[in-house]
Asks: 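Please see the structure below; I have some questions.
Quantities reported herein were computed from a predicted structural model and do not represent experimental measurements.
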2 protein chains.
Amino acid sequence: MKSDQIKTVALKYFTIHGYEGASLSQIAEEVGMKKQSIYAHFKGKDDLFLQVLHDAKENELSATRQYFNSLNSYNPKEDLYGFLRFVINLFQKSEQLKFWLRMSFFPPAHLAKEIEAEAVDIDEVVHELLENKFQTWLDASLLVGFSARTLTLAFLGVVDSIYLELVYGNDEKRLEEKLEASWKIYWKGISQR
Amino acid sequence: MKSDQIKTVALKYFTIHGYEGASLSQIAEEVGMKKQSIYAHFKGKDDLFLQVLHDAKENELSATRQYFNSLNSYNPKEDLYGFLRFVINLFQKSEQLKFWLRMSFFPPAHLAKEIEAEAVDIDEVVHELLENKFQTWLDASLLVGFSARTLTLAFLGVVDSIYLELVYGNDEKRLEEKLEASWKIYWKGISQR
DNA sequence: ATGTACCTTACGACCGTTCGTTAGTAAGGG
DNA sequence: CCCTTACTAACGAACGGTCGTAAGGTACAT
């Protein structure tokens with residue numbers, strides 16, 4: 001499908017150069033067509049962008065849901081650490097997560113409303129999935145001492161720091177070291193009684 | 001000074017719209033001049049950008065150094081939490097930190113090298129200031145159980161998560177809640193023996 | 001005091017280029 | 001026959017940047 005090919009290349013350019021810096025002619029050239037031909041597949045730059053955005057969101061959401069479905073529910077240490085590994089893997093496997101992060105943090109002004117709506121949506125889903133997991137662990141007394149909400153928010157903080165390191169992302173060794181440090185102290189903080 | 005005024009407005013536009021999305025004519029209009037007049041103060045867009053970048057870096061560096069100089073050295077809990085508060089305050093007081101974060105994570109491609117050099121510089125300074133502090137606390141047995149490096153990296157992770165929340169930044173209440181959760185668990189993790 | 005030279009700052013006009021977008025048209029498949 | 005896809009051609013608008021020029025201030029010699 002040509003339109004998928006266009007979206008793939010567009011994702012790359014939006015990710016590297018941002019919305020304003022990505023030009024249709026460059027995208028078209030990499031696909032192997034003239035920029036006017038893009039208009040046979042999309043209404044315009046905004047339409048292309050929003051479709052790329054929507055796809056990225058859908059993929060991230062379904063991948064996240066899939067990870068949570070694969071958990072055994074009774075090993076918080078393994079499942080939480082696994083989620084961090086899952087995030088890193090997801091980021092490195094496709095450009096969609098990096099695109100997503102760029103656009104949700106620094107959206108093009110005239111599309112900020114639409115982007116924020118999608119961002120809030122995905123945010124709430126992940127938060128809920130995590131908090132429910134924490135609650136089951138609390139109910140089973142596998143964790144104690146903090147509310148499910150506090151555990152979730154702090155864990156999302158660890159995820160955020162991984163995101164930043166990935167986006168910054170030239171130094172694989174640094175990422176590993178930072179992940180291990182954050183995780184070690186987070187786990188010690190929540191596992192001790 | 002007119003050139004300072006230009007830099008202030010430019011900082012705002014670079015922060016909101018990115019390098020490519022910020023136009024000299026818009027900046028000039030807000031300053032109250034024509035875009036050609038900007039060339040009486042700067043060699044071009046790149047020059048203006050790099051000067052704004054340099055100023056932002058200098059200010060952030062000196063503010064950070066100032067904070068560390070004000071510490072009493074023997075109250076890790078207060079000093080560390082104070083640093084998180086300091087970061088939040090710094091972010092909200094000026095646009096420079098947000099500008100800095102945007103440009104170090106998503107630099108314009110043709111200036112990536114220069115930006116990265118400055119970013120690495122500031123990064124190393126902050127890291128060193130923090131790790132030295134942790135080492136003095138370890139030497140005084142105010143903390144135990146982790147290396148200064150691990151403590152530093154994990155704490156920088158907490159700072160990162162604050163950065164993200166600030167950049168994302170529409171929800172003050174969420175920021176507070178997340179800060180408290182991350183801090184509570186981080187402190188528990190490093191203070192317990 | 002006055003004229004002269006120079007520098008800074010600003011502006012109108014305009015450069016070439018690229019932007020996103022539209023119109024018209026031809027080829028090909030169902 | 002129509003619908004999709006791709007093309008050439010061209011559009012107005014905006015981009016960053018360069019000209020020449022003019023106003024204002026300062027410095028200095030006359």
Asks: Rounded to the Å, how far apart are A:Lys2 NZ and D:dC7 C1'?
Replies: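 In whole Å, D:dC7 C1' and A:Lys2 NZ are 13 Å from each other.
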Asks: Take the protein atom CZ of B:Phe49 and the nucleotide atom P of D:dG17, then report the distance between them rounded to whole Å.
Replies: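 Value for this atom pair: 13 Å.
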Asks: C:dT8 phosphate, OP1 or OP2: any side-chain N/O from B:His41 under 4.0 angstrom?
Replies: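 No, outside the criterion.
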Asks: Can you name the nearest heavy-atom pair linking A:Leu80 to A:Phe155, along with the distance?
Replies: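 Closest approach of A:Leu80 to A:Phe155, heavy atoms only: O-CZ, 3.4 Å.
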Asks: Set out, in order, the CA-CA distance, both residues' side-chain angles and the distance that settles salt bridge (charged side-chain N to carboxylate O under 4.0 Å, His left out) for A:Lys178 and A:Asp171, then state yes or no.
Replies: CA-CA 11 Å; A:Lys178 200 154 176 183; A:Asp171 198 335; over 6 Å; no
Asks: Just compare D:dC7, D:dG17, C:dC19 and give me whichever is closest to any side-chain atom of A:Ser23.
Replies: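 The closest nucleotide is C:dC19.
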Asks: Ignoring the backbone of B:Gln36, work out which of C:dG20, C:dA13, D:dC7 is nearest its side chain.
Replies: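 Of C:dG20, C:dA13, D:dC7, C:dA13 is nearest to the side chain of B:Gln36.
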Asks: Can you check whether A:Ser37 has a side-chain N or O nearer than 4.0 Å to OP1 or OP2 of D:dT5?
Replies: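 False: A:Ser37 side-chain N/O out of range (4.0 Å or more) of D:dT5 OP1/OP2.
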Asks: Roughly, in whole Å, what's the span from NE2 in B:His110 to C1' in D:dC15?
Replies: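 For the pair B:His110 NE2 and D:dC15 C1', the rounded distance is 14 Å.
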Asks: Quiz question: going by heavy-atom distance under 3.5 Å, is there a donor-acceptor pair between the base of C:dG12 and the side chain of B:Lys34?
Replies: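 No, the side chain and the base share no sub-3.5 Å donor-acceptor pair.
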Asks: How close or far is atom C1' of D:dA14 from atom NE2 of B:His17, stated in whole angstroms?
Replies: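 Going from NE2 in B:His17 over to C1' in D:dA14 covers 15 Å.
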Asks: Is A:Lys45 positioned over the aromatic face of A:Tyr39, cation under 6.0 angstrom from the ring centre and no more than 45 degrees off axis?
Replies: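 Pair A:Lys45/A:Tyr39 does not count as cation-pi.
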Asks: Look at all strands and tell whether A:Ala28 reaches a base, only sugar-phosphate, or nothing, counting heavy atoms closer than 4.0 Å.
Replies: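 No contact.
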Asks: So, is A:Ser25 close to the C:dC19 phosphate, meaning a side-chain N or O under 4.0 Å from OP1 or OP2?
Replies: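 For A:Ser25, the contact criterion (side-chain N or O under 4.0 Å from OP1 or OP2 of C:dC19) is met.
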Asks: Just checking, is any N or O donor in the side chain of A:Tyr19 or A:Asp46 under 3.5 Å from an acceptor N or O on the other one?
Replies: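 A donor-acceptor contact under 3.5 Å links the two side chains.
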Asks: Just the rounded figure in Å: distance from C1' of C:dT21 to NZ of A:Lys43.
Replies: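 In whole Å, C:dT21 C1' and A:Lys43 NZ are 15 Å from each other.
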Asks: Could you tell me how far apart A:Ile38 (CD1) and D:dT8 (C1') are, to the nearest whole angstrom?
Replies: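 Interatomic distance, CD1 of A:Ile38 to C1' of D:dT8: 16 Å.
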Asks: Between atom CG in B:Asp47 and atom C1' in D:dG17, what is the gap in whole Å?
Replies: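 These atoms are roughly 13 Å apart.
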Asks: Using whole Å, what does the distance between atom P of nucleotide C:dT18 and atom CD1 of A:Ile27 come to?
Replies: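 Between P of C:dT18 and CD1 of A:Ile27: 16 Å.
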Asks: Among D:dC15, D:dA6, C:dA10, which nucleotide has an atom closest to any side-chain atom of B:Lys35?
Replies: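 So the nucleotide nearest the side chain must be D:dC15.
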Asks: What's the closest nucleotide to the side chain of A:Tyr39 if the choices are C:dT21, C:dC19, D:dG17?
Replies: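 Selected nucleotide: C:dT21.
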Asks: Compare the minimum distances between each of D:dG16, C:dT21, C:dA10 and the side chain of B:Lys45, then state the nucleotide with the smallest one.
Replies: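 That would be D:dG16.
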Asks: Taking only residues two or more places apart in sequence or in another chain, which ones pass side-chain contact (heavy atoms from CB on, under 4.5 Å) with B:Glu30?
Replies: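 B:Glu30 satisfies side-chain contact (heavy atoms from CB on, under 4.5 Å) with B:Val9, B:Lys12, B:Tyr13 only.
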